[in-house]
Enquirer: 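Let me give you the structure first, and then I'll get to my questions.
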2 protein chains.
Amino acid sequence: MIRVVIADDHPLLREGLRRILEFEDGIQVITEVGDGQGAINIARTQKFDVLLMDLNMPRVNGLEACRVIRREHQEIGILVLTVDDSDDKIFQVLQLGVAGYLLKDVEPKTLVESIHKVYSGEPILSPAVTGKLLGQLANPALHKENHGLSDRELEILTYVVKGASNRETGQALFISEKTVKNHLSSIFRKLEVEDRTQAALKAIKLKLVSLD
Amino acid sequence: MIRVVIADDHPLLREGLRRILEFEDGIQVITEVGDGQGAINIARTQKFDVLLMDLNMPRVNGLEACRVIRREHQEIGILVLTVDDSDDKIFQVLQLGVAGYLLKDVEPKTLVESIHKVYSGEPILSPAVTGKLLGQLANPALHKENHGLSDRELEILTYVVKGASNRETGQALFISEKTVKNHLSSIFRKLEVEDRTQAALKAIKLKLVSLD
DNA sequence: CATAATATAGACGTTTAGGTTGAAATGAGG
DNA sequence: CCTCATTTCAACCTAAACGTCTATATTATG
């Protein structure tokens with residue numbers, strides 16, 4: 001028997017979800033709450049398995065509630081169920097280690113399946129969310145837009161990102177420290193930054209070099 | 001009619017796949033190839049929609065073949081179908097912008113569904129792969145292991161990662177430049193680094209601060 | 001209460017970083 | 001052939017960074 005708690009600020013949706021779920025074999029809706037603080041409280045006082053969580057809620061929003069509950073109760077599988085598909089929210093939530101992220105346009109049948117999967121430890125993402133995740137990962141630098149940097153300058157940059165000083169870089173590449181400085185000046189100009197730290201950070205952002 | 005090409009170095013598996021797929025409505029297996037170079041060649045000479053790609057192949061491996069085909073033929077949806085679930089391979093492949101990544105333990109029915117989804121632009125990941133992706137994203141720093149850094153030091157670090165100088169940081173926080181330097185010295189000692197660039201890079205690696 | 005850590009700040013000194021200028025060899029492209 | 005970008009190197013200078021030492025007020029911890 002999978003014990004489920006519903007957290008959503010719309011009574012209508014809560015009621016609808018409850019009716020869908022409570023006639024399913026193996027699923028038992030323990031209770032419903034209408035805000036994030038309620039979700040945190042119920043997690044502290046009752047044992048259950050899966051939490052259906054809306055993100056946009058009053059008092060304590062879903063994101064913050066996820067954070068607290070994840071920290072205090074790792075055994076609860078949080079299945080985010082929301083209309084919100086804005087990129088930044090998605091990544092923030094996924095970083096908390098939730099078990100799944102579904103958009104509210106799911107079929108009831110899919111939702112029920114997903115609850116079972118979350119219970120058995122299988123991760124669940126809506127196709128749209130999977131797409132955003134992959135899109136984030138996909139390296140647009142396949143066409144290697146080097147922002148005007150020469151091969152040598154790129155090589156110097158990799159040493160900067162390793163944390164090497166100009167002297168160390170020069171020794172590693174068998175060139176003088178001054179030459180390293182000159183290359184760096186060109187790099188700064190081309191990347192429109194002022195120092196090596198900014199250059200290293202920008203290089204990582206632009207995926208010119210990888211941060212291993 | 002979805003035109004499919006199979007790339008796998010095992011004749012037995014190729015034949016099995018072909019037999020499964022060719023009796024499906026709406027799916028037509030154009031041809032099969034046994035190595036990465038063959039996959040690249042067929043993409044250059046024939047038009048088709050979905051490429052079933054094994055990763056572990058002779059001559060040109062699947063990863064390299066994916067890279068070339070993605071660059072030359074964005075319209076082909078690559079569905080990776082492999083036994084290989086090692087972490088580094090997965091991320092390398094996903095960064096290339098493939099349409100899906102399935103492990104070879106899928107049910108034939110699921111494979112057929114996945115081909116249709118890839119054709120309609122929907123991303124497909126095996127649950128195990130989704131799990132690895134989420135696991136990668138999930139921030140283990142929820143228990144805020146700050147590596148001994150105080151709140152103030154962490155605050156200073158965020159300015160370093162923004163590319164701010166000591167003077168700018170001091171002005172922003174209404175403290176003297178010297179105090180910023182003192183904090184930085186503590187930060188260097190605690191992070192076991194030697195300068196601000198290394199500190200910024202290590203902070204990002206340790207997820208002490210985010211790179212926005 | 002005493003000790004430790006934190007946050008603040010100054011003095012002093014050394015090292016590194018970065019800008020400016022100039023210069024020379026190489027190779028690619030018009 | 002000439003030009004331009006690249007790569008190499010140097011001298012000179014300023015500013016920034018970093019270390020060491022000292023010092024004080026606050027707060028937390030045992």
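Order of the sequence lines fixes the chain letters, A, B, ..., with proteins taken first and strands second; residue numbering starts at 1 for each chain. Please read these numbers as outputs of a predicted model, since none were measured by experiment.
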Enquirer: Reckon A/S165 has a side-chain N or O less than 4.0 Å from the OP1 or OP2 of C/dT16?
Expert: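 Answer is no, no contact under 4.0 Å.
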Enquirer: What are the bounds, 5' to 3', of the part of DNA chain D that sits under 4.0 Å from heavy atoms of chain B?
Expert: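 In short, chain B contacts DNA chain D from D/dA16 to D/dT20.
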Enquirer: Is there a donor-acceptor pair closer than 3.5 Å between any side-chain N or O of A/E155 and the backbone N or O of A/D151?
Expert: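 No; judged by distance alone, with no hydrogens or angles, the pair does not exist.
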Enquirer: For A/N56, does the CG atom sit with more than 12 other heavy atoms under 6.0 Å from it, leaving out its own atoms?
Expert: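 Not more than 12 within 6.0 Å, no.
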Enquirer: Could you name each residue pair satisfying side-chain hydrogen bond (donor to acceptor under 3.5 Å, both in side chains) that touches residues 116-133 of chain A, not counting sequence neighbours?
Expert: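 Of all non-adjacent pairs touching residues 116-133 of chain A, those that pass side-chain hydrogen bond (donor to acceptor under 3.5 Å, both in side chains) are A/D87-A/K132.
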Enquirer: Over how many whole Å does the gap from B/E153 atom CD to C/dA5 atom C1' extend?
Expert: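 Rounded to the whole Å, the gap is 10 Å.
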Enquirer: Without decimals, in angstroms, what is the distance between B/K181 NZ and C/dG10 P?
Expert: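 These atoms are roughly 12 Å apart.
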Enquirer: Between the base of C/dA9 and the side chain of B/N182, is there any donor-acceptor pair under 3.5 Å?
Expert: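 By the distance-only test, yes, there is a pair.
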Enquirer: Expressed as a whole number of angstroms, how long is the span from B/D195:CG to C/dA17:P?
Expert: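 In whole Å, C/dA17 P and B/D195 CG are 7 Å from each other.
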Enquirer: Is there a donor-acceptor pair under 3.5 Å between the side chain of B/Q171 and the backbone N or O of B/E168?
Expert: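 Side chain of B/Q171 to backbone of B/E168, a donor-acceptor pair under 3.5 Å: no, none is there.
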Enquirer: Please state whether the phosphate of C/dT8, meaning OP1 or OP2, lies under 4.0 angstrom from any side-chain nitrogen or oxygen of B/H183.
Expert: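 Looking at the OP1 and OP2 atoms of C/dT8, one of them is under 4.0 Å from a side-chain N or O of B/H183.
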Enquirer: Can you tell me the distance, in whole Å, between the CD1 atom of B/I187 and the C1' atom of C/dA7?
Expert: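 Rounded to whole Å, this separation is 12 Å.
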Enquirer: When the distance from CD of A/E194 to P of C/dG19 is rounded to whole Å, what number comes out?
Expert: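 Taking atom P of C/dG19 as the reference, CD of A/E194 is at 9 Å.
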Enquirer: Can you measure B/L154 atom CG to C/dT6 atom P for me and round it to whole angstrom units?
Expert: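 The distance from CG of B/L154 to P of C/dT6 comes to 12 Å, rounded to the nearest Å.
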Enquirer: Tell me, yes or no, whether the heavy-atom count around B/E15 atom CD, taken from other residues, nucleotides or ligands under 6.0 Å, exceeds 12.
Expert: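 Enclosed: over 12 neighbouring heavy atoms sit under 6.0 Å from CD of B/E15.
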Enquirer: Using a cut-off of 4.0 Å on non-hydrogen atoms, how would the nucleic acid contact of A/S176 be classed: base, sugar-phosphate, or nothing?
Expert: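 Sugar-phosphate, no base atom in range.
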Enquirer: Find the distance A/I175:CD1 to C/dA25:P and express it as a whole number of Å.
Expert: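 Distance, rounded to whole Å: 19 Å.
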Enquirer: For A/E75, look at atom CD and say whether over 12 heavy atoms of other residues, nucleotides or ligands are found less than 6.0 Å away.
Expert: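 It does: A/E75 CD has more than 12 such atoms within range.
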Enquirer: Just call it for A/T179: base, sugar-phosphate, or nothing, with non-hydrogen atoms closer than 4.0 Å on any strand.
Expert: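 Contact class for A/T179: base.
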Enquirer: Any idea which heavy atoms bring B/A7 and B/L51 closest together, and the distance?
Expert: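 Taking B/A7 first and B/L51 second, the nearest heavy atoms are CB-CD1, 4.2 Å.
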Enquirer: What is the distance, rounded to the nearest whole Å, between atom CZ of B/R196 and atom P of C/dA17?
Expert: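 Rounded to whole Å, this separation is 12 Å.
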Enquirer: Hey, which of these two, B/R152 or A/N166, hits DNA chain C nearer its 5' end, going by closest nucleotide?
Expert: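 Residue closer to the 5' terminus by nearest nucleotide: B/R152.
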